[in-house]
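Let me begin by presenting the structure, written as structure tokens, before commenting on it.
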Amino acid sequence: MATGIYEKTCAQRLMPGARPFGILTTGALQRFVYLHRQLPCLAPVVVGSQLVAYSTILTLRHMRAKPVAILEPEAHIRTSGLVATGARLLFGVPTLSGTRICDIQNGNKVEAVTIEHQGSTRVLPCDGVVFTGDWIPEATLARASHIGIDPTTKGPQIDEDGRTHDPQFFAAGNVVGSVRSAGACAMAGRRAARTIFREFHRQLLQSEEKTPSLTI
């Protein structure tokens, strides 16, 4: 099982305001850009300051677009100050921590957001809202089966080899409830594959030992 992880949507974050065109996650934005060569917004706000937010900035710059600002609901940014400084100095994108979206204004699409920052509210013109981070493992298969879900990680519980509660099932990658790079996920999948191979080999040897020899 390697179904990955996804970002919480606007509805899952209980975000106030309308739901016009232009509200999306980083994953949705990257599908628009890299699969369909379309850009749904030119000057959005980016919500969240995890590393994936800076991936969003790079994706927008790839299409010669630029976000208005990075909005972080927490009091402190979630990545190193160096990354936030780089976003401001290299890309000219400010990061506003302790900022909450109060309303999303729209006609047919996003036109502005009303934000609360440092005790005051103001309107920030933009044409989109990109939600980043705040991950949920795509563990629907595990949740609907006898494998079950780890209440802490929200993904299937595994041992160091990727084996779940049922030894017939393995899980690897971000579905286990951690946000890791593609390389780290691939290594976890390789460990699980090696264990599966050893299990098949062991069962094959046991089967051969139980098979009576034929004497002619």
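For reference, positions follow the sequence shown, starting with 1. Only this structure's heavy atoms are used, side chains among them; waters, hydrogens and symmetry mates stay out.
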- Note on the structure: Taken in chain and number order and not counting sequence neighbours, the residues that satisfy salt bridge (charged side-chain N to carboxylate O under 4.0 Å, His left out) with Lys8 are Asp134

- Message: Within the structure provided, determine whether Leu141 and Val175 are in side-chain contact (heavy-atom separation under 4.5 Å).
- Response: no

- Message: Between Thr25 and Phe131 (side chain of the first, backbone of the second, donor and acceptor by atom type, cut-off under 3.5 Å), is there such a pair?
- Response: no

- Query: Restricting to pairs with a member in residues 112-127, which pass side-chain hydrogen bond (donor to acceptor under 3.5 Å, both in side chains), not counting sequence neighbours?
  - Reply: Thr99-His117, Arg100-Glu116, Gln105-Thr114

- Going by heavy atoms in the side chains, are His76 and Ser97 under 4.5 Å from each other? no

- Message: Distance check, rounded to the nearest 0.5 Å: Cys41 atom SG versus Lys109 atom NZ?
- Response: 6.5 Å

- Look at atom CD of Gln168 and say whether more than 12 heavy atoms of other residues, nucleotides or ligands are closer to it than 6.0 Å. no

- Plane angle bin for Phe197 and His201 - parallel if under 30°, tilted between 30 and 60°, otherwise perpendicular: parallel

- Query: Is atom NE2 of His146 surrounded by more than 12 heavy atoms (other residues, nucleotides or ligands) closer than 6.0 Å?
  - Reply: yes

- Message: Contact between Leu24 and Pro44 at the side-chain level, heavy atoms closer than 4.5 Å - yes or no?
- Response: no

- Query: To the nearest 0.5 Å, how far apart are CG in Asp150 and OG1 in Thr152?
  - Reply: 5.0 Å

- Would you say Val129 and Met15 make side-chain contact, with heavy atoms under 4.5 Å? no

- When clusters are formed by joining ILVMFWY residues with side-chain heavy atoms under 4.5 Å apart, either directly or through shared neighbours, do Phe169 and Ile196 land in the same one? no

- Mind checking whether Lys154 and Ile136 have side chains closer than 4.5 Å, heavy atoms only? no

- To the nearest 0.5 angstrom, please state how far the CD1 atom of Ile104 sits from the CZ atom of Arg19. 6.0 Å

- Identified side-chain contact (heavy atoms from CB on, under 4.5 Å) partner of Pro67 from the options Val46, Val45, Thr56, Val130: Val46

- Near Arg180 CZ, under 6.0 Å, is it more than 12 heavy atoms from other residues, nucleotides or ligands? yes

- Message: For a 4.5 angstrom cut-off between non-hydrogen side-chain atoms, does Ile23 reach Val110?
- Response: yes

- Item | Ile149 CD1 to Gln157 CD distance, which is reported to the nearest 0.5 Å | 10.5 Å

- Message: Are Pro16 and Asp103 packed together at the side-chain level, in the sense that at least one heavy-atom pair is separated by less than 4.5 angstrom?
- Response: no

- Query: Do Thr195 and Phe170 have side chains that get closer than 4.5 Å, going by heavy atoms?
  - Reply: yes

- From His62 atom NE2 to Arg64 atom CZ, the distance as rounded to the nearest 0.5 Å: 10.5 Å

- Decide if atom CZ of Arg202 counts as having more than 12 heavy atoms of other residues, nucleotides or ligands within a radius under 6.0 Å. yes

- Query: Once the angle between the rings of Phe32 and Phe21 is folded into 0 to 90°, is it parallel (under 30°), tilted (30 to 60°) or perpendicular (over 60°)?
  - Reply: perpendicular

- Query: Does the Ser207 side chain pair with the main chain of Gln203, one donor and one acceptor, at a distance under 3.5 Å?
  - Reply: no

- Message: Let me confirm one number: the CZ-CZ distance from Arg163 to Arg191, rounded to the nearest 0.5 Å.
- Response: 13.5 Å

- Quick one: does Glu7's side chain have a donor or acceptor within less than 3.5 Å of a partner on Gly27's backbone? yes

- So, the side chain of Gln38 versus the backbone of Val33: is there a donor-acceptor pair under 3.5 Å, distance only? no

- Decide yes or no on side-chain contact (heavy atoms from CB on, under 4.5 Å) for Leu29 and Leu39, but give the supporting numbers first. CA-CA 8 Å; Leu29 173 68; Leu39 190 62; 4.2 Å; yes

